[in-house]
There are 2 protein chains.
Amino acid sequence: MATRERPRRVTIADVARHAGVSTTAVSKVLRSAYGVSPAMRERVKAAIEELGYRPHAAARAMRGRTFTIGVLLPDLRNPFFPDILDGLSEQLAGTDYQVIMVQGGPDVTAETRAIDALVDRQVDGILMIAPRVRRVRLEDVAAQMPTVVLGLHEKSALYDVVHDDDELGAELVVRHLIGLGHRRIAHIGYTPGSRERAVGVLDAIRAETYARVMREHGLQSQIAVARAAYTEEAGYRGARELLERSPRPTAIFAGADLAALGALRALHEAGLSVPADVSLAGYDNTRLAALSSISLTSVDQDGAVMGRTAGRLLLERIEGRTSSVRFSVTPSLVPRRSTGPPAPEA
Amino acid sequence: MATRERPRRVTIADVARHAGVSTTAVSKVLRSAYGVSPAMRERVKAAIEELGYRPHAAARAMRGRTFTIGVLLPDLRNPFFPDILDGLSEQLAGTDYQVIMVQGGPDVTAETRAIDALVDRQVDGILMIAPRVRRVRLEDVAAQMPTVVLGLHEKSALYDVVHDDDELGAELVVRHLIGLGHRRIAHIGYTPGSRERAVGVLDAIRAETYARVMREHGLQSQIAVARAAYTEEAGYRGARELLERSPRPTAIFAGADLAALGALRALHEAGLSVPADVSLAGYDNTRLAALSSISLTSVDQDGAVMGRTAGRLLLERIEGRTSSVRFSVTPSLVPRRSTGPPAPEA
DNA sequence: TTGAAAGCGCTAACAC
DNA sequence: GTGTTAGCGCTTTCAA
């Protein structure tokens, strides 16, 4: 530790002494608990103000609440997540709760570490966005603290789930492409790893739905999936892989806008134009998709509503609810200029 | 609190009992401190493994370290920040340190709250990215814990600073535009608020440099600044404001790529093409700028290096360094298709 | 080399 | 309505 003299923090004892009351009284005022006279409340509040006192979260964590909500974010680069965080913050505004975030990273090991970090820091509630760890691990966490999982469809007795109707969303995209006349429609998404969960995650559902709708239209022989995470880089590699096939797809459905941007880069590099040579669709309807020079067909899911709901469910659980809840938002297709009819076969 | 039976956490006492040693011994093993025999170390390690023990960060915070680095992020949507975080994580990989992030939000009040949250949670070190709070506040925090500030140029005796050479970067852009033949070059950036710091912040420096270079080329009468934060929305509004002027600028230098994207949206809406009608340049050289359909001229600054350096400086301070350090990276211009010669005057 | 015990700042049960 | 006090899980003297 640095040896420089660090000013001692103002503690509850300092406030008590300054106000001429007991520490209990101060603690009660802080938590707006019963059993304090208005006069005492005023004196304590004045002392807190004068001394610039703030509760020490770590000390609080030893006994009661930390007034902290922990969020697991899989990837800082995905522009859809800020929408969720905005919703969460909105729901938490006006409460004493603070949000802290950890980044999950690329593999399950990193994600596990990130989740542990939140648990070890004794947050009052935890929101996991599209976690990849196994279900047992989630239930293990949920048994210890109020938990909401976003992006998972499987219901659990221990935690709440908030998700988009990914089946509907994926179906809208694939039907849209088929409706435009495409048959060789490929998909980029869903990478299962060895220690990861394989079912019920949003990307798995989008990929399965893609395959199902293709089969329903007699296009099972055209099914082509490039397994890739929802990142720009993976989308790029996925598209390159798909473009090597012969004949190449006339349309690509990327499971996320971020992956679609990577695919777009690959398409440009290959000298292909969108949608004349290849149609491209994403998912999430991020602000980037709406940019006129990109104009990406995408699926809109209301991230702010999901974030708000997750926040509300967490607060409810913190207040004592133990039954579990499932909340789903309905997505809608936003067609833009990146999709169009396929070029007539040569 | 929820009333459901929560499983009690495994504590150091459980480990001690299981291994048949004292809690002191366990604590020493955990911190790899002196005074434990190899035999005891092994027994303790085995017990930790068997019981799945993890240290309780909150309890640790009461006495020693939390092994946590706190990061203040002004805005989750700015695609440049993940580069910094990648560098930081890389530097911290292999140590026991975990990164937690808080979002600063739009105003100084929100940012102050976010910083307080980190301080109250007793992180071992704090990295503030482009903070807007006053200098006193920064020094107040730095007096309490190891602090590194990113994006501020002013040196302090209490904290380290890591920044890009924003003067050079802005100069490169403005000279580039002048070199192309532009004279009516406008700038989007730098919004000072009432309670905010007004000097030494990266956006202020970019704005000042823009004005200086304009003057140096005898273009002081052409100086036009739309005051806006580095967000998409603010960039959009800033560009709209600039386009209302008559005659309108032939080139716009946005202080950040994110703001440039907003400006791009405004330009498209106004039916103007880039660069034929208006040239557009950004700053940060984010991946989006490189996208072929955007192809934005920008300034590259190495975020990963800044993040790594910030991490190294924090670890050094945690280990006891008290002298303060300043680290600067050198930016370079990346010209792309969004800038070109101005259209000949009608 | 080992362990007993004090105490970090706070909350909550309890006594007054 | 108010204050006393026993811990929460850990680190750190200090004594054995």
Side-chain angles (χ1 to χ4, degrees), chain A residues 1 6-44 47-48 51-68 96 119-124 144-145, chain B residues 1 3 6-44 47-48 51-68 96 116 119-124 144-145:
Chain A
M1 298 291 278
R6 301 201 186 290
R8 203 178 56 82
R9 257 188 95 102
V10 179
T11 73
I12 206 174
D14 298 325
V15 176
R17 206 174 308 117
H18 193 84
V21 298
S22 71
T23 57
T24 311
V26 180
S27 175
K28 281 183 176 168
V29 171
L30 285 174
R31 293 170 294 122
S32 10
Y34 285 119
V36 226
S37 63
M40 180 170 263
R41 179 178 305 281
E42 281 321 303
R43 263 200 298 164
V44 170
I48 288 174
L51 296 166
Y53 167 80
R54 287 200 318 268
H56 192 301
R60 279 189 150 172
M62 300 288 295
R63 298 293 302 200
R65 304 187 181 182
T66 52
F67 292 97
T68 310
D96 284 330
V119 174
D120 297 345
R121 272 153 199 80
Q122 199 85 341
V123 295
D124 292 336
Q144 295 178 61
M145 52 186 49
Chain B
M1 296 291 277
T3 46
R6 301 203 185 291
R8 203 178 57 82
R9 256 186 96 102
V10 178
T11 73
I12 206 174
D14 298 323
V15 175
R17 207 173 307 116
H18 193 82
V21 300
S22 71
T23 58
T24 310
V26 179
S27 175
K28 281 182 177 169
V29 171
L30 285 173
R31 293 171 294 119
S32 12
Y34 285 118
V36 228
S37 62
M40 180 171 263
R41 178 178 306 281
E42 281 322 304
R43 264 200 298 164
V44 170
I48 288 175
L51 294 152
Y53 168 81
R54 288 200 317 268
H56 191 301
R60 278 190 150 172
M62 300 289 294
R63 299 290 302 198
R65 305 187 180 180
T66 52
F67 292 97
T68 310
D96 285 330
D116 285 348
V119 174
D120 297 344
R121 271 152 200 81
Q122 200 84 343
V123 294
D124 292 335
Q144 295 177 62
M145 52 186 51

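Chain letters run A, B, ... following the sequence lines, proteins first, then strands; residues in each count from 1. Quick caveat, the model's predicted, so the values are computed rather than measured.
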| request: Look up atom CG in A:L30 and atom OH in A:Y53, then write down how far apart they are to the nearest 0.5 Å. | output: 5.0 Å
| remark: To the nearest 0.5 Å, atom CD of B:Q144 lies from atom CD of B:Q122 at 9.0 Å
| field | Among A:V36, A:V21, A:T11, the one residue meeting side chain to side chain contact (heavy atoms under 4.5 Å, CB included) with A:V26 | value | A:V21
| query | Should the pair A:R31-A:D96 be classified as a salt bridge under the 4.0 Å nitrogen-to-oxygen rule? | reply | no
| field | Covered region of DNA chain D, 5' end to 3' end, by chain A [heavy atoms, under 4.0 Å] | value | D:dG1 to D:dG9
| said: Under the rule for side chain to side chain donor-acceptor pair (under 3.5 Å), what residues qualify as partners of B:R60, not counting sequence neighbours? | reply: none
| said: Under a 3.5 Å threshold, yes or no: a donor from one side chain and an acceptor from the other, between B:R121 and B:T68? | reply: no
| message | With side-chain contact (heavy atoms from CB on, under 4.5 Å) as the criterion, how do B:H18 and B:D14 come out once you've worked through the C-alpha distance, each side chain's angles and the decisive distance to 0.1 Å? | response | CA-CA 6 Å; B:H18 193 82; B:D14 298 323; over 6 Å; no
| remark: Heavy-atom contacts, protein to nucleotides 9-16 of chain C, under 4.0 Å, summarised as B (base), S (sugar-phosphate only) or - (none) per nt, yield BBBBB---
